[in-house]
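Written out below as structure tokens is the structure these notes cover.
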Amino acid sequence: MQNDPDAGGPPFPGETSNGAFQGSAQGSAQGSAGGSITARAMAGLRRGQADYLEGLNPEQRRAVETTEGPVLVLAGAGTGKTRVLTTRIAHLVATGRARPYDILAVTFTNKAAREMKARIGTLIGAEGEGMPWLGTFHAIGTKILRRHAELVGLKSDFTILGTDDQLRLMKQVILDQNVDEKRWPARALSHAIDGWKNRGLLPDQVPAGEAQAFAFGKGGALYTAYQARLATLNAVDFGDLLLLCLRLWRTHADILEGYQRRFRYILVDEYQDTNVAQYLWLRLLAQGHRNVACVGDDDQSIYGWRGAEVDNILRFEHDFPGAAVVRLERNYRSTGHILAAASGLIAKNESRLGKTLRTEDEPGERVTVSGAWDSEEEARQLAGEIETLHTKKHPLSEVAVLVRISAQMREIEDRFVQLGLPYRVIGGPRFYERAEIRDALAYLRITANSADDLAFERIVNTPKRGLGDATLQALHAHARAERVPLLLAARRMVETDELKPKVRSTLRAFVEAVGRWTKAVETMPHTELARTILEESGYTDMWQKDRSADAAGRLENLKEFVRSMEEFPDLAGFLEHVSLVMEATEAEGADKVSLMTLHAAKGLEFDTVFLPGWEDGLFPNQRALDESGRAGLEEERRLAHVGLTRARKRARLSFAVNRRIHGLWSSTIPSRFLDELPPGSVEVIEAPAHFSAGASRFDRNPAPFGSSYGTPGWQRAQANTGGGFGRDRAPGGRSGGPREIEGELVARSSGPASSFADGMRVFHTKFGPGTVAGIDGNKLTVDFDKAGRKMVLDSFVQPG
DNA sequence: TAAGGTAATTTTTTT
DNA sequence: AATTACCTTA
């Protein structure tokens with residue numbers, strides 16, 4: 001790698017393999033009137049220009065051409081961020097400043113890495129191996145760790161654990177340390193450890209107070225024990241892939257220096273999403289040549305809840321003194337009104353570096369806001385509108401519905417199914433996360449590596465063989481005492497009389513089967529081996545016998561799984577890929593509506609975007625507010641900004657006045673974000689004619705929000721919907737018929753906030769009779785005769 | 001051991 | 001409402 005025979009080429013744009021210079025000259029010849037072709041080409045050459053730089057705006061160009069020293073590129077939504085990144089790499093290579101393998105380019109997702117690879121491929125013609133150091137933080141971390149595994153106490157073929165394996169391991173550790181798993185569930189502790197790892201903290205670096213706050217003061221001990229277990233299994237979790245790099249570099253300065261020297265140029269995508277560990281990782285590497293370019297957008301930081309530090313981007317200039325800061329503010333995606341709405345909203349955030357997106361596109365349609373009686377109606381409305389668009393030849397693949405939480409998807413999907421509207425859900429449980437795939441993987445893992453205890457445990461009784469808890473306990477005891485893997489322990493125990501005859505023979509059959517498969521690794525093609533294993537183990541049989549609805553789908557997934565193995569040369573190669581790239585390759589191209597969460601939508605764009613559920617509590621999400629206060633609100637606002645900026649031509653916001661939350665109907669008020677939108681770019685839509693009869697108050701009374709949007713009337717409506725509308729809507733029926741809403745509102749706003757009082761006897765449809773014990777706005781605390789003390793919404797309680 | 005019932009628990013998600 | 005984890009019982 002250090003000595004590349006092809007590396008000596010001169011830094012001369014005209015001679016790069018893609019023919020950039022020639023292409024430019026020809027292009028000019030076509031459109032040029034005069035005879036100065038050569039002169040102009042030479043001039044361009046002198047300035048180091050090639051046609052990959054053409055079409056960049058001045059800021060983009062600066063971001064590409066400022067190659068030396070630290071650079072922070074603040075790239076707003078739709079400003080050509082990826083283009084800048086890829087062009088920058090092409091530029092570095094084309095001008096001879098670096099060879100592809102001198103450049104470290106990190107992304108967060110495999111998808112982003114893949115896209116960047118493809119785009120660089122078309123720019124400089126170097127495919128695949130051309131950029132060995134382009135990848136996700138974790139992929140590159142893995143690559144580095146495999147080279148120096150022994151220095152951090154691992155073998156170079158260590159396995160990378162997924163989340164479920166992690167949890168399984170944590171459970172064992174908890175058991176070992178005699179911690180009550182009821183009080184301290186494995187999930188919580190795993191999460192804590194993840195958090196520490198995200199902050200770059202090894203077990204001995206965790207602040208003592210913090211470590212003691214977990215598991216009766218044993219937090220630190222558990223972390224240490226967990227790491228020890230990982231080491232004995234020759235395994236790492238995702239956090240380790242970065243954390244152990246840090247440890248390696250801190251303890252072996254020579255190795256660090258090697259990497260610092262190797263990476264002449266460093267590029268980071270989505271910098272606003274980096275956590276502390278990633279930040280430290282980068283900072284160590286960047287100490288060498290200090291040519292680090294970070295591209296990000298503080299206004300699109302939406303992963304604070306999983307450890308991303310917006311601060312990293314906010315203090316870049318402080319960390320890298322003398323850094324050049326380039327702002328990309330010209331948006332090439334959205335029309336004027338959409339951009340104005342998004343900008344106006346995000347301007348309400350206080351902690352931001354500040355950018356003002358602008359466009360030279362036409363204003364276009366205004367962002368629409370519409371209300372619905374309840375979430376079902378909202379779904380009907382939205383689906384109806386999509387159908388209308390579709391009949392007007394709007395491709396469905398250019399329509400997206402972005403929701404705050406996945407629970408919102410259900411009603412929308414139901415409606416789509418009813419109408420026969422083709423749709424696809426993006427995100428959700430990943431292919432490799434599905435139970436059947438993890439099971440199949442576990443079979444392959446135990447076959448490839450007989451010491452993989454976690455895999456063994458997962459499938460020893462899947463399908464059910466009668467090897468339950470008791471058997472596993474015995475195996476564990478033996479394995480621990482002898483310090484051998486479970487499979488080996490099992491192999492020994494079937495030679496003794498420790499186990500009951502029946503269990504013994506089943507276990508023997510299982511152990512022998514695994515042995516057979518392991519032998520077959522050498523002789524049998526790996527896809528055939530996989531098929532054999534799934535067949536012989538009875539695993540496919542298990543699903544074939546399963547009568548549940550999704551069994552067929554699972555079998556289909558298994559087939560797809562085996563098929564996907566074909567792309568890899570052997571079993572080991574496949575397993576390596578799978579541990580890091582946990583995603584399915586989705587069939588693209590079909591004309592379908594996309595349905596996803598706002599988080600999943602980052603980086604995507606569509607002509608038309610629907611954003612349902614803009615209600616306080618849902619969006620901004622109450623929990624985010626409760627847990628992170630103002631910072632939480634700002635992150636929610638950034639999420640709204642991300643949602644709006646996904647739209648090229650049309651953005652449609654909506655809210656429902658009643659929504660089912662955890663199965664209970666609650667009345668809701670429109671999101672505060674709606675009020676923060678610049679009124680000039682917003683159009684409030686009144687009820688379309690196709691509303692189902694009587695379902696909407698907009699039908700009979702067209703103007704509760706109507707043209708008076710933003711006026712005191714709107715404000716008042718907002719202030720009162722919570723207490724006002726819901727009351728008429730006891731679950732199970734619309735008692736009393738339609739109301740004159742406007743009159744009701746006025747009356748309400750001057751009247752008392754609640755018609756309940758402490759000590760009043762009330763009746764709740766679900767919890768039955770009870771006594772009011774407290775009132776907080778529209779929430780009542782009620783001591784129910786049967787159900788005990790509950791917090792309920794007054795709309796479901798009747799005086800009684 | 002495994003099925004079946006009950007109680008608890010609900011954001012966002014990548015690697 | 002729906003999923004899921006846990007606990008009881010056959």
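Here is the naming used below: chain letters follow the sequence lines, and residue numbers restart at 1 for every chain. Values below: every heavy atom of this structure, side chains too, minus hydrogens, waters and symmetry copies.
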- Message: A cation-pi test, strictly: NZ or CZ of A:R646 under 6.0 Å from the centre of the six-membered ring of A:F606 and no more than 45 degrees from its axis. Yes or no?
- Response: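 No, cation not above the ring by the 6.0 Å, 45° rule.
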
- Task: With A:R229 as the cation and A:Y226 as the aromatic partner, state whether NZ or CZ is under 6.0 Å from the six-membered ring centre and within 45° of the axis.
- Result: no

- Message: Centroid distance below 5.5 Å plus an interplanar angle below 30 degrees: do A:F108 and B:dT15 meet both conditions?
- Response: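 No, A:F108 does not stack on the base of B:dT15, since the centre distance and plane angle fail the 5.5 Å and 30° test.
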
- Query: Planes under 30° and centres closer than 5.5 Å, is that true for A:H662 with the base of B:dT9?
  - Reply: no

Length of the [atom1]-[atom2] vector between [X] and [N], whole Å:
X	N	atom1	atom2	value
A:W281	B:dT15	CH2	P	15 Å
A:Q300	B:dT12	CD	P	20 Å
A:Y303	B:dT13	OH	P	7 Å
A:W614	B:dT11	CH2	P	21 Å
A:E413	C:dA2	CD	P	13 Å

- Query: Is the ring centre of A:W305 less than 6.0 Å from the ring centre of A:H599?
  - Reply: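 Under 6.0 Å, so yes.
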
- When you get a sec, tell me which of B:dT12, B:dT11, B:dT15 is the closest nucleotide to the side chain of A:R623?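 Of B:dT12, B:dT11, B:dT15, B:dT11 is nearest to the side chain of A:R623.
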
Answer with base, sugar-phosphate or nothing: what part of the nucleic acid does [X] contact at a heavy-atom distance below 4.0 Å?
X	answer
A:R410	sugar-phosphate
A:E270	nothing
A:N461	sugar-phosphate
A:T142	nothing

